[in-house]
Amino acid sequence: MQGLEIVPGHSEFDATTPKTVSAHCPTGKKLTGGGAKIIFGPGAAGQVMLTESAPLETFNGQENVISDDTWRARADSIQPAGGALANWQLQVFVVCVNA
């Protein structure tokens, strides 16, 4: 692919929930795909789930507009009963090519 570039993005590594992260293609490039993953800290407790991983979608007042250069992901955690949630991070990437 002409001008292939993978651009990462990530959240802080802490116990905050939810986490939302976006990655953006450089000017002149368009997205062809993307993805996300959750990274757990040592002794992780609780549940974390990826609840969204897709091109950014916005509403302009009349219709949904799907981005051609931004990938967005969201993850949510559930605190374990009687304990604290361990630190975790949401990582996202967008795959870009020349427009």
Do [X] and [Y] make a side-chain contact, defined as non-hydrogen atoms from C-beta onward lying under 4.5 Å apart?
X: Thr20; Y: Glu52; value: no
X: Val7; Y: Cys96; value: yes
X: Leu4; Y: Asn98; value: no
X: Val21; Y: Arg74; value: no
X: Val95; Y: Leu31; value: no
X: Leu90; Y: Val92; value: no

Exercise for review: Answer yes when Lys30 and Asp68 have at least one side-chain N-carboxylate O distance shorter than 4.0 Å, and no when they do not.
Suggested key: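 So Lys30 pairs with Asp68 through a salt bridge.
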With distance as the sole criterion, is a donor-acceptor pair present between the side chains of [X] and [Y] under 3.5 Å?
X: Thr17; Y: Asp76; answer: no
X: Trp88; Y: Ser11; answer: no
X: His10; Y: Gln91; answer: no

Let me confirm one number: the [atom1]-[atom2] distance from [X] to [Y], rounded to the nearest 0.5 Å.
X: Thr70; Y: His24; atom1: OG1; atom2: NE2; value: 5.0 Å
X: Met49; Y: Ser77; atom1: CE; atom2: OG; value: 9.0 Å
X: Leu50; Y: Lys37; atom1: CG; atom2: NZ; value: 12.5 Å

To check you understand the geometry: which heavy-atom pair defines the closest contact between [X] and [Y], and what is its length?
X: Ala73; Y: Ala36; result: CB-CB, 3.5 Å
X: Val48; Y: Ile38; result: CG1-CD1, 3.5 Å
X: Arg72; Y: Leu56; result: CD-CD1, 3.5 Å
X: Asp69; Y: Lys29; result: CB-O, 4.2 Å
X: Pro55; Y: Trp71; result: CD-CZ3, 3.4 Å
X: Phe13; Y: Ile39; result: CE1-O, 3.8 Å

Check your understanding: Counting only heavy atoms not in Glu5, do more than 12 fall under 6.0 Å of its CD?
Key ->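 Correct, the count exceeds 12.
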